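Presented below is the structure to which this report refers.
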Amino acid sequence: MYSQGLIGADGATQEDEAFLEAFQKRIDAEEKIEPNDPMPGGYRKTLVRQIGQHAHSEIVGMLPEGNWITRAPTLRRKAALLAKVQDEGGHGLYLYAAAETLGVSREQMTEELLSGKAKYSSIFNYPTPSWADIGTIGWLVDGAAIMNQIPLCRCSYGPYARAMIRVCKEESFHQRQGYEIVMTLAKGSPEQKQMAQDSLDRWWWPALMMFGPSDKDSAHSEQSMAWKIKRFTNDELRQQFIDATVPQAEFLGLKVPDPDCRWNKETGHYDHGEIDWDEFWRVVKGGGRMNRDRIADRKKAWDDGAWVREAALAHAEKRRDRMEAARVAAE
Ligand code: BYC
């Protein structure tokens with residue numbers, strides 16, 4: 001399926017050091033790598049893995065919020081939530097298209113998701129029991145996504161970097177609509193403020209886990225940084241997110257659920273408590289509250305959509321035949 005070797009534009013396998021060195025030189029010179037450029041097999045494989053998982057996260061990410069569309073408290077909230085969930089679907093499609101430029105089909109990627117081979121973000125395996133969670137997802141989850149994705153706009157692989165520019169613009173609207181929901185609750189009745197605090201308590205630690213394992217346990221970071229796929233390490237981005245978000249919570253009169261979180265004058269950053277990595281890995285490996293439901297929902301959507309894919313294909317084939325017949329007739 002994905003080649004491990006060094007693939008040239010003509011599909012030929014090359015293995016030499018000189019090629020690897022020349023490729024790294026292009027990366028170091030901040031040149032964008034484009035789909036038909038020769039690239040090391042490992043570079044291609046890393047991108048297919050990351051972009052594929054990113055696409056799956058966008059699509060699975062529609063589920064926890066989609067769950068609240070029919071119960072949004074006002075028409076305005078419903079319209080904004082509908083638009084946001086639709087945007088996530090669009091992000092998934094740009095990302096699948098970016099991965100397809102690397103020679104992997106959407107069917108293959110979907111099969112890998114459904115079989116459990118491909119991952120998606122751990123954050124979407126947590127339930128959304130209250131309306132406040134919709135605000136908190138926008139504020140924290142989209143906030144974390146922006147922190148992670150802004151540097152991806154400078155990713156060395158052109159199609160991924162370009163997709164990220166548009167995605168980030170939309171994510172920033174998502175973050176604001178979420179923050180505004182939480183602000184309304186935080187400034188509302190004591191019960192509403194408590195809903196906002198409970199939701200922050202539920203989502204704070206999972207949001208920090210979105211950035212991936214700590215640097216010492218991150219299998220891919222070093223190579224991905226060298227290839228400029230990633231521009232910052234997982235811990236660097238997590239710290240940036242904490243530094244940006246704790247003051248936002250304070251402004252709302254809410255408290256992040258971490259007794260060790262405090263401003264450190266010497267480092268110029270917020271200190272934070274230990275993340276529960278056992279929980280992270282348990283959720284990543286399928287043991288979260290919602291893992292089973294999320295995959296079951298994706299499988300149902302994929303199966304229910306089979307007739308649409310078949311009809312689109314039949315239409316495309318018919319059109320191709322008609323065009324071919326017209327071309328022959330014109331000759
Ligand atoms: N959840 O070596 P590492 C969104 C896996 S969607 C699950 O550090 P890497 C949104 C990792 O895949 C947000 N698995 O990996 C949508 C690897 O396993 P494999 C999604 C995780 O790739 C709707 C292993 O742990 N954003 O924004 O260098 C509504 C070791 O990790 C997680 C993206 O996907 C996790 N949280 O760094 C609202 C952004 N973290 O593959 C919002 C693009 C790690 O070896 N992706 N793993 O089996 C990235 O930037 C990087 O892939 C990561 C991980 C920073 C996530």
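What you are looking at is a predicted structure, and each value in this text was computed from that prediction instead of being measured. Indexing begins at 1, ligand by ligand and atom by atom, following the structure's order.
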Task: Residue portion contacting ligand 1 (non-hydrogen atoms closer than 4.0 Å) for H220 - done: both
Open item on the list: Treating K117 as the side-chain partner and M109 as the backbone partner, does any N or O pair qualify as donor plus acceptor under 3.5 Å?
Closed with: no
TODO: Just jot down the ligand 1 atoms closer than 4.0 angstrom to any heavy atom of G212, in number order.
DONE: 40 (N), 44 (C)
Open item on the list: Please compare W281, Y160, F211 and report which has the shortest non-hydrogen distance to atom 55 (C) of ligand 1.
Closed with: F211
Task: S224 N/O to ligand 1 N/O under 3.5 Å - done: no
Task: Residue that, paired with H56, satisfies ring pair (Phe, Tyr, Trp, His ring centres under 6.0 Å) out of Y96, W302, F124 - done: Y96
Open item on the list: Give me the residue, atom name and distance of the protein heavy atom closest to atom 22 (O) of ligand 1.
Closed with: R49 NH1, 3.1 Å
Task: Heavy-atom nearest neighbour in the protein, as seen from atom 30 (C) of ligand 1, with distance rounded to 0.1 Å - done: P213 CG, 3.9 Å
Task: Residue part near ligand 1, for F124, under 4.0 Å between non-hydrogen atoms - done: side chain
Task: N148 and ligand 1 - part of the residue with a heavy-atom distance under 4.0 Å - done: side chain
- [ ] May I ask you to say whether K84 pairs ionically with E88, meaning some side-chain N is under 4.0 Å from a carboxylate O?
- [x] yes
Task: Neighbour count above 12 (heavy atom, 6.0 Å) for R309 CZ - done: yes
TODO: Report yes if some heavy atom in the side chain of F241 is under 4.5 Å from a heavy atom in the side chain of I146; otherwise report no.
DONE: no
Task: Ligand-side contact atoms (ligand 1) for residue partner M209, heavy atom cut-off under 4.0 Å - done: 36 (N)
TODO: Before accepting this row, confirm whether a basic side-chain N of the pair E180/R176 lies closer than 4.0 Å to the acidic partner's carboxylate O.
DONE: no
Task: Distance from atom 54 (C) of ligand 1 to nearest protein heavy atom, with residue and atom - done: K230 NZ, 4.2 Å
TODO: May I ask which of S214, G52, S122 has a heavy atom nearer to atom 1 (N) of ligand 1 than the others do?
DONE: S122
Open item on the list: Quick test: of every protein heavy atom, which one is nearest to atom 29 (C) of ligand 1, and how far off is it to 0.1 Å?
Closed with: E88 OE2, 3.2 Å
Task: Non-hydrogen atom of Q149 closer than 4.0 Å to ligand 1 - done: yes
Task: For atom 19 (P) of ligand 1, the protein heavy atom that lies nearest, with its residue and separation - done: K119 NZ, 3.5 Å
TODO: Check the pair S224, R49 against side chain to side chain donor-acceptor pair (under 3.5 Å), reporting the backbone distance first and the verdict last.
DONE: CA-CA 12 Å; S224 289; R49 178 185 63 78; 4.7 Å; no
TODO: Using a 4.0 Å heavy-atom threshold (strictly under), name the region of H54 that reaches ligand 1: side chain, backbone, both or neither.
DONE: both
TODO: Verify whether one side chain among Y94 and R166 offers a donor that lies under 3.5 Å from an acceptor in the other.
DONE: yes
TODO: Could you see which bit of M62 sits under 4.0 Å from ligand 1, with heavy atoms only: side chain, backbone, both or neither?
DONE: neither
Task: Nearest candidate to atom 42 (C) of ligand 1, where distance is taken over non-hydrogen atoms, out of N234, L208, D142 - done: D142
TODO: For S121, counting its heavy atoms only, list the atoms of ligand 1 lying under 4.0 Å from any of them.
DONE: 1 (N), 36 (N)
- [ ] Considering heavy atoms of the protein only, find what lies nearest to atom 21 (C) of ligand 1 and give residue, atom and distance to 0.1 Å.
- [x] F280 CZ, 3.9 Å
Task: Charged N-O contact under 4.0 Å between D235 and R238 - done: yes
Task: Which residue and heavy atom of the protein sit nearest atom 12 (O) of ligand 1, plus the separation - done: Q53 OE1, 2.9 Å
Task: Ligand-residue contact atoms, ligand 1 with Y120, heavy atoms, under 4.0 Å - done: 1 (N), 7 (C)
- [ ] Go through the side-chain N and O atoms of H220 and Q50 and say whether any donor and acceptor fall under 3.5 Å apart.
- [x] no
- [ ] Below 4.0 angstrom from a heavy atom of M210, which ligand 1 atoms are there? Numbered from 1 as shown, please.
- [x] 36 (N)
Task: Crowding at CZ, R289 (>12 non-hydrogen neighbours, <6.0 Å) - done: no
- [ ] May I ask you to check if K228 and F23 form a cation-pi contact, with NZ or CZ under 6.0 angstrom from the six-membered ring centre and within 45° of the axis?
- [x] no
Open item on the list: Could you work out, for atom 8 (O) of ligand 1, the closest of A219, G143, S218, G92 by heavy-atom distance?
Closed with: S218
Task: Distance-only side-chain donor-acceptor flag, Q239 / D243, under 3.5 Å - done: yes
Task: Heavy-atom nearest neighbour in the protein, as seen from atom 27 (O) of ligand 1, with distance rounded to 0.1 Å - done: A145 CB, 2.9 Å
Task: More than 12 heavy atoms from other groups under 6.0 Å of CD on E222 - done: no
